[in-house]
Amino acid sequence: MNSCSSNSGTDILPEDALLVMSVDVKNTLASTGDNINKELNGSIKDFINYMELSRTDEDKLYEIADNPMSSGIDLAKPIYLTIDEEENVIITGLVKNIQNFEEMLDPIASIYDTRIKDISSDIKYVNIEDMIVMFNNTYFAIRSLSYYDEEDDVIDEMQNMFTQKTSFTNTKSYQNLQAENGLIKMVVTPEIYRTDFYDEIIDDAYDELGIDLSEYYKIMKDAITTIALNAQNGNVTLVSNVDYITEEAKMKMEEYLSVIGNIDGTHLPYVEDNAIFTIATNFNGNKLWNLISDLLEDLDIFSNSELVEIENIIKSFDGDVTLTADSKLLYIDYEAVPEIKLYAATKDNGVVNTVSELAEEIFDVEKNGENEWIASIEDYYSDEEIGYMTLGYDKNTSYFLLKEKKTKALETADNQTSKSLYTGNNLSARFNVPAFLDTKIDGDKISSLIKDEDPTVYKAISSIEYIDFVVKGNRSTYTMTTVEKDRNPIELFLDMFI
């Protein structure tokens with residue numbers, strides 16, 4: 001066994017694991033609340049009763065149900081779920097008391113007419129319904145037998161886990177996993193991108209689409225991706241981080257990411273705080289063209305003149321791009337479409353001129369000043385005027401509006417959205433759940449329609465205030481904020497559905 005033990009269940013995991021998930025059982029159970037734990041306890045006891053054990057064995061398992069720490073498993077430390085190089089799923093953890101652990105396994109094993117066996121002086125195992133449980137004084141590991149597995153081979157492979165000199169604990173992937181904070185954490189190692197499955201994806205992309213993804217794939221072979229789920233009163237967060245372990249991969253990814261700058265909030269004064277959805281980012285058109293020009297040429301679907309036009313359009317982008325959707329719906333040919341506003345910081349009016357030429361071929365477009373075009377939208381069936389599309393350029397901003405009434409594009413909103421979520425990030429988005437539920441379809445609020453269809457689903461959705469998504473460099477964060485700020489969302493949702 002590795003002398004530099006981390007005193008965790010990862011010490012017996014293979015060094016070349018593809019994926020490792022860590023579950024903080026103790027704190028996850030605590031976050032579910034007393035009511036859920038009582039229901040879970042009751043369900044476990046019902047199952048124990050169904051097993052028809054002896055009174056002694058039944059009492060022992062009842063004791064474990066009431067006090068999971070008496071199982072012999074160290075639940076103060078994480079339980080790990082791993083997918084190894086052969087795509088086997090393995091569960092590991094720490095044994096706190098081997099006698100209690102065996103006393104938990106014995107009655108379960110007896111149901112299936114099996115028993116715990118010794119492999120060596122300090123390693124034991126039991127096969128329970130094609131599930132191998134192996135353990136010693138420190139660790140336990142669980143792995144199922146597939147149809148193709150030979151039991152002796154699996155036992156040998158698992159025994160090697162307990163005696164290996166190096167393990168997952170010795171890897172950079174383990175360090176990155178430990179650096180994250182979360183109830184449930186996961187790391188996807190570079191090994192997963194070195195499997196035949198991903199080689200086939202690269203080959204298919206080139207053969208069928210003519211797209212060469214080998215450069216990007218090469219980077220991912222040096223990427224460690226961590227994901228962490230956390231919950232506290234009022235919100236749940238899911239954080240993803242990508243770390244590149246070679247300088248070559250880091251430099252190449254920095255080149256890709258340089259296309260997206262920091263949001264400066266140029267267009268946020270035009271965005272209402274009660275918008276259903278808003279997303280903002282920041283583009284450097286010159287850098288984007290440098291990255292994709294060769295790819296577009298290799299596709300061989302554009303003429304030289306078309307490529308020049310595409311180049312000019314892309315290079316004109318230079319700053320924030322913001323899209324927002326309001327709660328007002330327009331009905332275009334019986335299809336409900338939200339009012340939208342799209343803004344893009346551009347160096348000139350080239351984008352608008354190109355789009356206006358295309359629009360003139362489809363719509364009856366009216367020019368409104370030097371750099372603005374307005375087209376009325378008519379219902380196909382009734383010929384009624386139901387809204388307006390506005391396309392224009394002003395103050396280094398190209399814009400497109402789809403509104404019920406003619407609207408000034410660069411007019412400050414009465415109730416502006418907060419800039420704090422957006423500025424300084426590479427990409428930020430917010431979905432406003434209350435605004436969505438207040439939106440009317442054919443005169444009825446969406447909240448009423450959902451409530452009539454499924455009250456439980458309505459209760460769950462209406463408990464959410466916002467869903468936010470933020471990207472900053474290699475790190476992405478999803479946050480779900482709930483209406484009740486004094487309750488853990490895990491407890492909240494489990495209460496609804498259990």
Novice: Are Ser71 and Phe101 close enough, and set up right, to give a side-chain contact (heavy atoms from CB on, under 4.5 Å), and what steps lead you there?
Specialist: CA-CA 5 Å; Ser71 65; Phe101 190 73; 5.9 Å; no
Novice: Look at Glu255 together with Lys287 and state whether they make a salt bridge at an N to O cut-off of under 4.0 Å.
Specialist: no
Novice: Of the options Leu13, Val188, Ile90, Asp84, which is the one that meets Val20 in a side-chain contact (heavy atoms from CB on, under 4.5 Å)?
Specialist: Leu13
Novice: Taking side-chain contact (heavy atoms from CB on, under 4.5 Å) as the criterion, tell me which of Thr390, Leu323, Asp326 meets it with Lys341.
Specialist: Asp326
Novice: Would you call the rings of Phe436 and Phe431 parallel, tilted or perpendicular if under 30° counts as parallel and over 60° as perpendicular?
Specialist: tilted
Novice: Ignoring hydrogens and geometry beyond distance, is a side-chain donor-acceptor pair present between Ser327 and Thr439 at under 3.5 Å?
Specialist: no
Novice: Determine, step by step, whether Thr322 and Val271 satisfy the side-chain contact (heavy atoms from CB on, under 4.5 Å) criterion, reporting the C-alpha distance in whole Å, the side-chain angles of both residues, the deciding distance to 0.1 Å, and the verdict.
Specialist: CA-CA 9 Å; Thr322 306; Val271 177; 4.2 Å; yes
Novice: Would you call Asp243-Lys250 a salt bridge at under 4.0 Å N-O?
Specialist: no
Novice: Check whether the ring centres of Tyr125 and Phe135 lie less than 6.0 Å apart, and answer yes or no.
Specialist: no
Novice: Should the pair Glu180-Arg475 be classified as a salt bridge under the 4.0 Å nitrogen-to-oxygen rule?
Specialist: yes
Novice: Hey, which of Asn262, Asn426, Thr477, Asn425 is the one that makes side chain to side chain donor-acceptor pair (under 3.5 Å) with Lys472?
Specialist: Asn262
Novice: Between Lys485 and Glu465, does any NZ, NE, NH1 or NH2 come within less than 4.0 Å of an OD or OE carboxylate oxygen?
Specialist: yes
Novice: Do Asn474 and Leu257 pass the side-chain contact (heavy atoms from CB on, under 4.5 Å) test, and can you show the C-alpha distance, the side-chain angles, and the key distance before you say yes or no?
Specialist: CA-CA 9 Å; Asn474 296 325; Leu257 294 177; 3.1 Å; yes
Novice: Start with the C-alpha gap between Ile73 and Ile79, add the side-chain angles, then the distance that decides, and say whether side-chain contact (heavy atoms from CB on, under 4.5 Å) holds.
Specialist: CA-CA 9 Å; Ile73 299 173; Ile79 301 294; 4.0 Å; yes
Novice: So does Lys440 pair up with Asp444, basic N to acidic O under 4.0 Å?
Specialist: no
Novice: For Lys328, check salt bridge (charged side-chain N to carboxylate O under 4.0 Å, His left out) against everything at least two apart and list the hits.
Specialist: Glu404
Novice: Let's go through Thr278 and Thr324 carefully: what are the C-alpha distance in whole Å and the side-chain angles of both, what is the deciding distance for side chain to side chain donor-acceptor pair (under 3.5 Å) to 0.1 Å, and is it a yes or a no?
Specialist: CA-CA 4 Å; Thr278 302; Thr324 183; 3.1 Å; yes
Novice: Taking the basic N atoms (NZ, or NE/NH1/NH2) and the acidic carboxylate oxygens, is any pair closer than 4.0 Å for Asp106 and Lys60?
Specialist: no
Novice: State, without any angle test, whether Ser167 and Glu15 hold a side-chain donor-acceptor pair at a distance under 3.5 Å.
Specialist: no
Novice: So Tyr399 and Tyr343, would you call those rings parallel, tilted or perpendicular, with 30° and 60° as cut-offs?
Specialist: tilted
